[in-house]
Every structure is written in structure tokens, then in C-alpha cells.
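For reference, the structure discussed in these notes is given below.
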Amino acid sequence: MTKKILSSDITPESLYLNRRNIIKASGLIAGSAAVSPVAHAGIFGLFADEVVVPEQAVYQPKPLTIAKKVANNLTEVLTPESKVTSHNNFYEFGTNKTDPIENSKAFNPEPWSITIDGEVEKPRTFSMDDILKNHPIEERIYRLRCVEAWSMVIPWLGFSLADLIKKVNPTSKAKYVAFQTLYDPKQMPGQASRLGGGIPFPYVEGLTIAEAMHPLSLLSVGLYGKTLPAQNGAPIRLVVPWKYGFKSIKSIVKITLTEKEPPTTWQALAPNEYGFFANVNPQVDHPRWSQATERRIADGFRAERIDTLMFNGYGDEVASLYKGMDLRKFY
């Protein structure tokens with residue numbers, strides 16, 4: 001049964017964004033002989049001095065008109081915005097949690113477009129103006145569960161991924177959906193140096209077509225009432241709430257529907273640690289830490305450890321997608 005999100009569960013924005021005094025425990029750095037020592041999907045750094053979006057950033061988030069607030073059986077309370085912009089994993093701007101806010105000041109997501117091609121009848125390129133004009137924006141409060149075993153509750157703004165995919169008429173051969181982040185080393189310094197941890201760019205991710213068409217799968221264009229900040233994946237990113245956070249690819253420029261399973265960045269780097277599906281599963285541990293519990297980041301320096309829920313609490317909605325599947329093998 002899906003657990004209701006209480007207003008008290010909503011992560012104060014101050015901590016979603018914060019991480020200056022990160023604790024880098026060497027045993028938590030995700031790597032193997034095949035992976036760069038600094039390339040990792042997880043460090044438990046949660047606390048830092050408060051950081052706000054710098055005024056000198058080229059791009060400043062703009063207010064968005066919300067057409068619908070999706071019911072969530074809770075009193076909607078937005079967490080303080082100042083915290084949500086500095087606790088991020090976005091290696092295109094660096095591997096530390098505060099690197100994205102500090103290193104994305106020159107990033108300008110305007111203008112922007114997304115190309116959708118592959119196994120479709122009508123391949124198209126959509127400008128962000130077209131996307132925003134033709135998709136009423138919903139506010140959806142979702143849990144975010146990082147593979148690093150910390151979690152938050154965030155009010156995203158966006159629309160169903162399925163709505164965009166339907167516009168290109170997928171063919172019967174479309175079994176998977178591949179995503180690609182912008183590759184622009186001039187604007188994304190992590191792509192041009194070791195600042196990005198040595199992972200291959202552009203960052204790529206993928207879903208099955210059934211996952212992509214599920215109504216919970218969201219293309220987010222904002223949070224906390226405004227367009228996405230650069231460090232949070234501006235101008236458009238994926239949010240798949242029942243999967244670990246690294247599946248929710250940021251700053252998307254290309255979507256390709258394919259017949260075969262597409263490569264994904266972390267699975268290619270360390271397939272023994274990061275699978276294609278990456279569903280939140282407290283019964284399947286990361287090789288170097290438990291996934292049975294998580295730190296629910298709250299205001300101040302509180303980070304209560306709570307039990308992790310199967311599919312991040314969205315089992316009622318998504319468990320049928322994996323009926324008969326060995327979730328230990330297909331992790």
C-alpha cells in the first residue's frame with residue numbers, strides 16, 4: 001500500500017540544497033578497478049552552510065503558472081527554497097554537492113530544444129517555448145530516494161513524460177526510451193576536466209517504454225513555484241519517483257525510442273553496483289552499504305533514519321510493471 005506523504009515529511013529546502021562540509025568517507029566512494037577513483041554515485045554528505053542561488057548567475061529561475069496541484073492527501077507546504085539549490089548530484093558541474101550551484105553560474109538554458117527520434121512515426125524537435133505552451137504544468141510532491149541512502153520530499157513542477165512521447169507516435173518496435181544530457185564543456189566545466197569525476201559524457205539514461213508511459217513518470221520544468229535552477233537540471237529533467245535518483249537525468253536534449261535496451265552511464269561504469277532498472281528496493285543492498293534504511297533530511301541538522309519503502313512507497317502504482325521479474329537479478 002502506498003504510504004501517504006505527510007506535510008511534516010516535506011524536506012526543508014535548506015537541506016535539499018546544502019552541502020559544503022561534506023564528509024567524504026573513503027569506503028563510500030563508489031568505484032572499482034574500472035571506475036575513476038573520484039567517479040561515484042554516492043557520498044553521505046548532507047550538511048553545509050546555507051547557500052542561495054547567486055545573483056550573478058546568468059540564468060535566474062522564473063515564476064511558473066501552475067494549472068493543477070495533484071492531490072497527495074497532505075497539506076501542501078513548500079520547503080524553504082534556499083536549501084534546494086545546493087545539495088545536488090550533477091557531475092557536469094562537479095562531484096561535490098555544492099559544486100553545481102558554484103560552477104553553473106555561466107550556464108544558460110535559453111534557448112533550448114529537445115529532439116525525439118528513433119522508433120517513432122513523427123520524429124520532432126520541440127523548443128522549450130512549445131513545450132511550456134502545450135503542456136499545462138502540474139505540481140507533484142514526490143519522494144526522492146538517492147542511491148547514497150538519503151532521501152527528501154520535493155514539490156516538482158512538470159507534466160507526464162507520456163504526453164510528450166505520444167506526440168511522436170511510437171512504433172510497435174519501441175521497447176525502451178533513451179535520454180541524453182546536453183554536452184557542452186564550455187558551459188559545463190565537469191565535462192571538460194576531472195572536476196566531473198572522470199565519467200564519460202554526455203550522461204545517458206533509459207527506461208522501458210512501459211516505465212516511460214507510466215503516469216508517475218514526470219518531465220519536470222520547475223520546483224518550488226519557479227523554473228528549474230541550472231544546478232537542478234534546467235530547463236527540463238526527468239523525475240521517476242520509484243527509482244534511485246541517478247535515473248532522473250537532468251538537462252535533457254535528446255530522447256530516442258529504441259528496440260533494444262540502451263546503455264546508461266552508471267551501469268556502464270560499474271554494472272555490479274548500478275543496474276538498468278535501479279528501482280528503490282530495501283531488500284537489495286548496494287555492494288558497499290545497506291539500502292534497508294535512509295536518512296530523511298529535515299530542517300536544521302536533523303536527518304532521521306527511517307526504513308526504506310519498496311519502490312520508494314509507490315508500489316501500489318508501479319509493482320505491476322515488474323510482475324514475475326526477479327528484482328535481485330534485475331536491480
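What's counted below: heavy atoms across the whole structure, side chains too, no hydrogens, waters or symmetry copies.
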Any non-hydrogen side-chain atom of [X] less than 4.5 Å from a side-chain atom of [Y]?
| X | Y | value |
| --- | --- | --- |
| F276 | Y176 | yes |
| D184 | F107 | no |
| L195 | D99 | yes |
| Q191 | K186 | no |
| V280 | P241 | no |
| L228 | I236 | no |
| L223 | P229 | yes |
| Y244 | N279 | no |

Would you say [X]'s side chain and [Y]'s backbone share a donor-acceptor pair under 3.5 angstrom?
| X | Y | value |
| --- | --- | --- |
| S220 | L157 | yes |
| S217 | M213 | no |
| S290 | D285 | no |
| W289 | V147 | yes |

Using a strict threshold of under 4.0 Å (side-chain N to carboxylate O), is an ion pair present between [Y] and [X]?
| X | Y | value |
| --- | --- | --- |
| D117 | R124 | no |
| K250 | E92 | no |
| K173 | E119 | no |

Spatial distance of atom [atom1] ([X]) from atom [atom2] ([Y]) [nearest 0.5 Å]:
| X | Y | atom1 | atom2 | result |
| --- | --- | --- | --- | --- |
| N312 | K243 | CG | NZ | 11.5 Å |
| I141 | W156 | CD1 | CH2 | 12.5 Å |
| K166 | L161 | NZ | CG | 10.5 Å |
| R237 | T181 | CZ | OG1 | 10.0 Å |
| E205 | Q267 | CD | CD | 8.5 Å |
| E139 | N72 | CD | CG | 9.5 Å |

* **Test side chain to side chain donor-acceptor pair (under 3.5 Å) applied to R305 and T293, step by step** => CA-CA 6 Å; R305 184 163 291 281; T293 63; 2.7 Å; yes
* Crowded around K329 NZ? As in, over 12 foreign heavy atoms under 6.0 Å? ->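 No - once you tally the heavy atoms of other residues, nucleotides and ligands closer than 6.0 Å, there are 12 at most.
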* To do: Using the side chain to side chain donor-acceptor pair (under 3.5 Å) rule, pick out the option among Q283, Q291, R145 that qualifies with T308.
  =>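 Of the listed residues Q283, Q291, R145, the side chain to side chain donor-acceptor pair (under 3.5 Å) partner of T308 is R145.
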* Steps toward side chain to side chain contact (heavy atoms under 4.5 Å, CB included) verdict (E110, K62) -> CA-CA 12 Å; E110 296 178 329; K62 304 174 179 65; 3.0 Å; yes
* To do: Apply side chain to side chain donor-acceptor pair (under 3.5 Å) to S160 and R140, showing your working.
  => CA-CA 10 Å; S160 292; R140 302 188 189 183; 2.8 Å; yes
Looking only at non-hydrogen atoms, find the nearest pair between [X] and [Y] and report the distance.
| X | Y | result |
| --- | --- | --- |
| I165 | A212 | CD1-CB, 3.9 Å |
| V177 | P262 | O-CG, 4.3 Å |
| E273 | P287 | CG-CG, 3.7 Å |

* List, by chain and then residue number, the residues other than Y331 in its hydrophobic cluster (Ile/Leu/Val/Met/Phe/Trp/Tyr, side-chain heavy atoms under 4.5 Å); write none if there are no others. =>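 Grouped by the 4.5 Å side-chain rule, V284 form the rest of the cluster around Y331.
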* Asked: So which residues get pulled into V204's cluster when ILVMFWY side chains under 4.5 Å apart are joined, directly or through others?
  ->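 Members other than V204 - counting any ILVMFWY side chain reachable under 4.5 Å - there are none.
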* **Steps toward side chain to side chain contact (heavy atoms under 4.5 Å, CB included) verdict (E121, T171)** => CA-CA 6 Å; E121 294 177 355; T171 72; 4.1 Å; yes
* Taking the six-membered ring for Trp, are F90 and F93 parallel (under 30°), tilted (30 to 60°) or perpendicular (over 60°)? ->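 Correct class here is perpendicular.
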* What is the ring orientation for H135 with F159, classed by angle as parallel under 30°, tilted 30 to 60°, or perpendicular over 60°? ->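 Ring orientation of H135 relative to F159: parallel.
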* Pick out which of T125, V253, L219, I255 makes a side-chain contact (heavy atoms from CB on, under 4.5 Å) with I114. =>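 Single pass found, and it is I255.
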* To do: Pick out which of V58, N108, N103 makes a side-chain contact (heavy atoms from CB on, under 4.5 Å) with Q187.
  =>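 Of all the options given, the one that passes is N108.
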* **Aromatic ring proximity F246/Y274, centre distance under 6.0 Å** =>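 Ring centres of Y274 and F246 closer than 6.0 Å.
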* To do: Quickly, which of W242, Y314, F311 forms a ring pair (Phe, Tyr, Trp, His ring centres under 6.0 Å) with H214? Name it, please.
  =>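 Of the listed options, the one satisfying the test is W242.
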* Asked: Any chance the side chains of Y203 and S251 put a donor and an acceptor closer than 3.5 Å?
  ->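 There is no such pair between these side chains.
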* **K97 and N88: side chain donor to acceptor below 3.5 Å** =>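 No - no donor-acceptor pair under 3.5 Å links their side chains.
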* To do: Start with the C-alpha gap between M152 and H87, add the side-chain angles, then the distance that decides, and say whether side chain to side chain contact (heavy atoms under 4.5 Å, CB included) holds.
  => CA-CA 11 Å; M152 306 175 190; H87 189 87; 3.4 Å; yes
* List the steps and the verdict of side chain to side chain contact (heavy atoms under 4.5 Å, CB included) for L327 and M310. => CA-CA 11 Å; L327 297 181; M310 187 68 194; 3.5 Å; yes
